[in-house]
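What you see below is based on every heavy atom in this structure, not just the backbone, and it leaves out hydrogens, waters and symmetry mates.
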Amino acid sequence: MPALICALDDPGELWATLLALRALLQRDDSGDVAYLTRGPHAWRLEAEPPDRAETIVSVSASAASDSYDEASLPAFLRLYLPVILASARARRQRSVHVTGHLAQTLDGRIACTTGDSQWIGNPGNLRHAHRLRALHDAVLVGSGTVERDDPALTVRHVLGPNPRRVVLNGSASSLARQHELKVYADAGCILACAAEQGPTARAAGVEVVALETDAEGNVPIDTLLGALAARGLHSVFVEGGGRTLSSFFAAGRLDLLHLHVAPIILGSGVPSFELPTVRRLADAPRLRAHHFDVDGELLFVCACPRSE
């Protein structure tokens, strides 16, 4: 593996190094050990640690094991390296790693009562969301986000590969507007819907995955993730909306939550989460969190409780 070198003070080049590390870990036939090292003036991604350089991270691609001292990492690496390594580990274990992201106001709203939500986060948060897209096999949204915000779900604001687009829409209603919605503009989008919709949910360039529902008519998150894993999608970025992200959290299938908090107060509007009522504060899940500055606004990165 040739050395990939980047300047210490250039996050853009450091991002390219992280993309190279992710590409290495995605190779099922790779037995390489990669070392992310820091020399006097540059980061290096190499097969062997160079002389007079400090090894920051060592990764075994075949086992997806890793070794690093989190306290020694700059914020940029602390933010994205856990996603890369957890996604690689899920691929080796044939499981699915799930990262969720929301941008909310100080009073916990993700949209006005009218549905207007663009943009609660700042430009730094937009770049961050696109980096998260690039670091996952798939990006998933619910039908409400598709029909309200019309996202393309591609990587446009940063360097990186486009993930597979997944729409969770039990009734398959969004297909009625297929030619108007950006998510369906290019072939390869997956629509996950209820089994009874399967026979009629047909659209050119869209892979319709019809799944059995639970007693309430919802597609179980475990069933959905199993279908994605069967298609080689072992890391999923849940980008919205709040109801869809809440369903992953409630099912215990959200691993990391990236929550951007903007200094805005709406007073009313769409809440960030829709979860079962907690009657005692002691029963509320308390998450382990790190915080980051994103161009003057606050980003919480929380490890979520996962069901067994």
Side-chain angles (χ1 to χ4, degrees), residues 4-25 34-46 49 53-59 64 66-89 97-106 119-136 139 155-161 163 235 237-239 254-264 272 286-304:
L4 195 157
I5 304 173
C6 66
L8 279 174
D9 59 353
D10 188 338
E13 292 300 322
L14 183 52
W15 173 244
T17 302
L18 290 181
L19 289 176
L21 177 61
R22 178 180 185 268
L24 171 68
L25 296 178
Y35 296 91
L36 184 61
T37 66
R38 181 172 61 191
H41 305 292
W43 294 95
R44 303 168 72 96
L45 178 62
E46 295 191 294
E54 180 184 355
T55 299
I56 303 299
V57 182
S58 61
V59 179
D66 52 81
S67 174
Y68 65 94
D69 176 13
E70 186 176 36
S72 69
L73 300 181
F76 193 82
L77 286 181
R78 292 201 311 273
L79 183 54
Y80 296 113
L81 192 60
V83 174
I84 294 173
L85 298 179
S87 298
R89 192 174 300 113
H97 169 79
V98 181
T99 303
H101 173 267
L102 284 178
Q104 69 167 41
T105 63
L106 284 174
W119 300 98
I120 285 178
N122 61 11
N125 178 63
L126 183 60
R127 290 190 298 273
H128 173 60
H130 281 233
R131 289 191 186 110
L132 289 177
R133 290 178 184 178
L135 294 182
H136 290 80
V139 55
V155 175
R156 302 182 304 282
H157 295 283
V158 299
L159 178 69
S235 58
F237 174 39
V238 181
E239 192 167 319
L254 187 64
D255 295 297
L256 287 175
L257 171 63
H258 286 225
L259 185 65
H260 183 101
V261 181
I264 301 170
S272 303
R286 184 175 293 273
L287 310 184
R288 206 163 33 88
H290 298 277
H291 64 276
F292 299 84
D293 181 287
V294 180
D295 293 349
E297 297 185 359
L298 187 61
L299 174 69
F300 287 100
V301 177
C302 306
C304 300

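Residues forming a side-chain hydrogen bond (donor to acceptor under 3.5 Å, both in side chains) with Ser87 (at least two apart in sequence, or on another chain): none. Remark: Arg286 engages no residue in a side-chain contact (heavy atoms from CB on, under 4.5 Å) (not counting sequence neighbours). Applying the side-chain contact (heavy atoms from CB on, under 4.5 Å) test to Ala303 and every residue at least two apart in sequence or in another chain returns Arg288. By the ring pair (Phe, Tyr, Trp, His ring centres under 6.0 Å) test, His290 pairs with no residue at all, sequence neighbours left out. Scanning for salt bridge (Lys or Arg N to Asp or Glu O under 4.0 Å) contacts around Arg22 gives Asp137, with sequence neighbours left out. In this view, Thr105 and Asp107, Arg109, Ile120, Ile264, Leu266 satisfy the side-chain contact (heavy atoms from CB on, under 4.5 Å) rule, not counting sequence neighbours. With sequence neighbours left out, Arg127 forms a salt bridge (Lys or Arg N to Asp or Glu O under 4.0 Å) with Asp295. Every side-chain hydrogen bond (donor to acceptor under 3.5 Å, both in side chains) that His260 has, sequence neighbours left out, goes to Asn125, Glu297. For His258, the side-chain hydrogen bond (donor to acceptor under 3.5 Å, both in side chains) test picks out His128, with sequence neighbours left out.
For the atom pair Leu21 CG and Leu135 CG, the distance stands at 10.0 Å (nearest 0.5 Å). A distance of 4.5 Å separates CG in Leu18 from CD1 in Ile84, rounded to the nearest 0.5 Å. Separation of atoms CG (Leu19) and CG (Leu14) is listed at 10.0 Å; rounding is to 0.5 Å. Here Leu81 contributes atom CG and Phe76 contributes atom CZ; the two are 11.0 Å apart, rounded to the nearest 0.5 Å. The CD atom of Glu239 sits 11.5 Å away from the OG1 atom of Thr99 when rounded to the nearest 0.5 Å. Once rounded to the nearest 0.5 Å, the distance linking NE2 of His101 with CZ of Arg133 reads 10.0 Å.
The minimum heavy-atom distance between Gly124 and Val294, with the atom names listed, is C-CG1, 3.5 Å. Between Ala289 and Phe300, the shortest heavy-atom contact is CB-CD2, 4.4 Å. Looking at every heavy atom in both residues, Ala134 comes nearest to Trp15 through CB-CZ2, 4.0 Å. Of all heavy-atom pairs spanning Ser272 and Leu102, the tightest one is O-CD1, 3.5 Å. In terms of heavy-atom proximity, Leu254 sits nearest to Gly100 at CD1-N, 3.5 Å.
Formation of a donor-acceptor pair under 3.5 Å by the Asp255 side chain with backbone atoms of Val98 is found in this model.
Annotation: side chain of Val301 is not in contact with side chain of His291 (no heavy-atom distance under 4.5 Å). With contacts defined as side-chain heavy-atom distances shorter than 4.5 Å, the pair Pro263/Leu298 does not qualify. Using a 4.5 Å heavy-atom cutoff, the side chains of Arg89 and Leu25 are not in contact.
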Next item on the list: Please report the C-alpha distance between Val83 and His136 in whole Å, then the side-chain angles of each, then the deciding distance to 0.1 Å, and finally whether the side chain to side chain contact (heavy atoms under 4.5 Å, CB included) criterion is met.
Entry: CA-CA 8 Å; Val83 174; His136 290 80; 3.4 Å; yes
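Classification of the His130-His157 ring pair by plane angle, with boundaries at 30° and 60°, yields perpendicular.
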